[in-house]
Amino acid sequence: MRKLILTLSILGLAVFAILQIKPVKRTANAIITTVKPIDLLNKNGLTIKSRVEVPEGYKRIEYLKGSFQEYLRNYKLKAFGSKIINYDGSEYYWQMGHIGILDIPVPKNGLQQCADALIRVRSEYLWDNNRKNEIGFNFTSGHYCSWQYYADGYRPKINGNKVSFHKTAVKDHSKTNFYKYLNLIYTYSGTLSLYNELPKINKAKDLKIGDMLIIGGSPGHIVMICDEVVNANGDKLYLLFQGNTPAQSVHLVKNLEDNTISPWYQLKKDAVIPVSNYTFYNSKFVRFK
């Protein structure tokens, strides 16, 4: 009887020991298979290109000097660690989704929201490259409003969805008046007008710097591709920046879903793409003309 009891005790201890070992093995396997994040940030970099390094096996796609693509890639950033600031001077409540602040002033009027920030970037590029005659955007109503027309003194009279333009101001082609024009665009344009106005990108493989991931609506959201790399298989990765609502610092975003390539993103059409504090469902892309 004693032998039986002793045998059963030994068996019980053996089973207990086995049960204790199994979780340790699973934990060890989890540690082995967990992929550590790769640090691709150069905290001393003061442009988009110099702030973020290229992942192993990839190289940056080359664009012509003076192109919109090179303009974006070399856009100036504030010092690493700069915070997102709202238009009223307060700090944005969430500071965990960005790795850089673009050196773009935020007007205190609160108008420069997500689509507006990208409109400003595009407009300033055209201004700086003596292509002012190309600056123009549709209102949400569908009516086109160009900088040249505004600079010549024409102002919109808006009655519901009806818009007419009348010469009510003197000619003024100054930079100060240019920003007044942009405030007008910010007021009457947005993600919905951009989605309806701009050419669509139907294949993700055709995406390039300057293209935008968009959901047009009220509210909608939009972010812009600002850098692009490719590997030997033709696989591409992208960097993104965004403005936001409320109007705030334009910022270069992290990839919170994949820390093995963050802040780079893989982009696919009609996919679910989380970007910082916003998720794009059934993703669509557009391009400035």
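- Contact of the L41 side chain with the V52 side chain is registered, since non-hydrogen atoms from C-beta on lie closer than 4.5 Å.
- At a threshold of 4.5 Å between non-hydrogen side-chain atoms, the residues T260 and P55 do not count as touching.
- The shortest distance between side-chain heavy atoms of V286 and L194 does not fall below 4.5 Å.
- Counting only distance, with no hydrogens or angles, the side chain of N196 and the backbone of L192 share a donor-acceptor pair below 3.5 Å.
- A donor-acceptor pair is defined here as one N or O able to donate and one able to accept, closer than 3.5 Å; such a pair exists between the side chain of D211 and the backbone of K208.
- Distance CD1/I201 to CZ/F285: 9.5 Å, rounded to 0.5 Å.
- Cluster annotation: I84 and M96 are assigned to the same hydrophobic cluster (Ile/Leu/Val/Met/Phe/Trp/Tyr, side-chain heavy-atom contacts under 4.5 Å, transitive).
- Contact annotation: the side chain of L111 never approaches that of L182 to less than 4.5 Å [non-hydrogen atoms, C-beta and beyond].
- Interatomic distance, Y93 OH to N277 CG, rounded to the nearest 0.5 Å: 5.5 Å.
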V121 and L72: CA distance, side-chain angles, deciding distance, side chain to side chain contact (heavy atoms under 4.5 Å, CB included) verdict: CA-CA 9 Å; V121 169; L72 292 175; 3.5 Å; yes
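- The closest donor-acceptor contact from the side chain of Q113 to the backbone of T245 lies at 3.5 Å or more, if one exists at all.
- Two residues are said to be in side-chain contact when any heavy atoms from C-beta on lie closer than 4.5 Å; L184 and C145 meet this criterion.
- Side-chain atoms of D152 and H173, non-hydrogen and from C-beta on, do get closer than 4.5 Å to each other.
- Screening K49, R60, K236 for a salt bridge (charged side-chain N to carboxylate O under 4.0 Å, His left out) involving D227 leaves a single residue, R60.
- In terms of modelled atom types and a separation under 3.5 Å, the side chain of S123 and the main chain of I135 share no donor-acceptor contact.
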Stepwise side chain to side chain contact (heavy atoms under 4.5 Å, CB included) check, D270 with K284: CA-CA 6 Å; D270 302 323; K284 307 295 181 186; 2.5 Å; yes
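- Within the 3.5 Å criterion, the main-chain N or O of L198 finds a donor-acceptor partner in the side chain of K200.
- Two residues are said to be in side-chain contact when any heavy atoms from C-beta on lie closer than 4.5 Å; S276 and H98 fail this criterion.
- Here the rule is ring-ring contact (aromatic ring centres under 6.0 Å, His included) with Y154, and of Y149, W147, Y144 only Y149 fits it.
- In this pair, F68 and Y125 present their aromatic rings tilted. The plane angle is within the 30 to 60° band.
- In this structure a side-chain-to-backbone donor-acceptor pair under 3.5 Å is present from N231 to G234.
- I273 and L256 are not part of a single hydrophobic cluster, where members link through side-chain heavy atoms under 4.5 Å apart.
- Side-chain contact check for T168 and H166: no donor-acceptor pair (N or O, by modelled atom type) lies under 3.5 Å.
- Looking at every heavy atom in both residues, E197 comes nearest to F137 through OE2-CA, 3.9 Å.
- The cationic group of R155 does not satisfy the cation-pi geometry with F165, failing either the under 6.0 Å distance to the six-membered ring centre or the 45° limit from the ring axis.
- Remark: I225 CD1 to L213 CG distance equals 8.0 Å, nearest 0.5 Å.
- Under the 3.5 Å distance criterion, the side-chain polar atoms of H221 are left unmatched by any main-chain donor or acceptor of T279.
- Ring orientation note: the planes of F178 and Y181 are close to parallel, at an angle under 30° on the 30°/60° scale.
- More than 12 heavy atoms of other shown residues, nucleotides or ligands fall within 6.0 angstrom of atom NZ in K167.
- Between the CG atom in N109 and the CG atom in D88 there is a gap of 12.0 Å [rounded to 0.5 Å].
- Residues I61 and Y58 fall within the same hydrophobic cluster, defined by Ile, Leu, Val, Met, Phe, Trp and Tyr side chains chained together at heavy-atom separations under 4.5 Å.
- Under the 4.5 Å side-chain heavy-atom criterion for ILVMFWY residues, no single connected hydrophobic cluster contains both V253 and Y92.
- Between I99 and K254, the shortest heavy-atom contact is CG2-CG, 3.4 Å.
- Using bins of under 30°, 30° to 60° and over 60° for the plane-to-plane angle, the ring pair Y75/Y71 lands in the perpendicular bin.
- Taken together through direct or relayed side-chain contacts under 4.5 Å among Ile, Leu, Val, Met, Phe, Trp and Tyr, M212 and L207 form part of one hydrophobic cluster.
- Among all heavy-atom pairs drawn from S189 and N138, the shortest one is OG-O, 2.7 Å.
- Distance alone, capped at 3.5 Å, places no donor-acceptor pair between the N183 side chain and the K180 backbone.
- Counting heavy atoms from C-beta on, the side chains of D116 and I185 never come closer than 4.5 Å.
- Heavy-atom minimum distance, I104 versus Q112: CG2-NE2, 3.8 Å.
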Chi angles and distances behind the side chain to side chain contact (heavy atoms under 4.5 Å, CB included) call for D235, V230: CA-CA 5 Å; D235 303 317; V230 65; 6.0 Å; no
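- For the atom pair CG (L267) and CD (E228), the distance works out to 10.0 Å, reported to the nearest 0.5 Å.
- Using modelled atom types, no side-chain atom of R120 and backbone atom of Y186 make a donor-acceptor pair closer than 3.5 Å.
- Annotation: ring-ring contact (aromatic ring centres under 6.0 Å, His included) contacts involving residues 187-211, sequence neighbours excluded, comprise F139-Y188.
- Annotation for N202 and K269: closest pair O-CD, 3.0 Å, computed over non-hydrogen atoms.
- Summarising the geometry, atom CE belonging to M224 is positioned 4.5 Å from atom CG belonging to L118; distances are rounded to the nearest 0.5 Å.
- Judged by distance alone, the side chain of N42 and the main-chain N or O of S50 form a donor-acceptor pair under 3.5 Å.
- Residues satisfying the side-chain contact (heavy atoms from CB on, under 4.5 Å) test with E257, not counting sequence neighbours, are N255, P274.
- With W264 as the fixed residue, the side chain to side chain contact (heavy atoms under 4.5 Å, CB included) test singles out one of L40, L240, D258: L40.
- Atom NZ of K162 is surrounded by 12 or fewer heavy atoms from other residues, nucleotides or ligands within 6.0 Å.
- The two residues H143 and N161 have their closest heavy-atom pair at CE1-O, 3.3 Å.
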From CA spacing to verdict: side chain to side chain contact (heavy atoms under 4.5 Å, CB included), V106, I85: CA-CA 9 Å; V106 181; I85 304 300; over 6 Å; no
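- Within a 6.0 Å radius of CG in N133, other residues, nucleotides and ligands contribute more than 12 heavy atoms.
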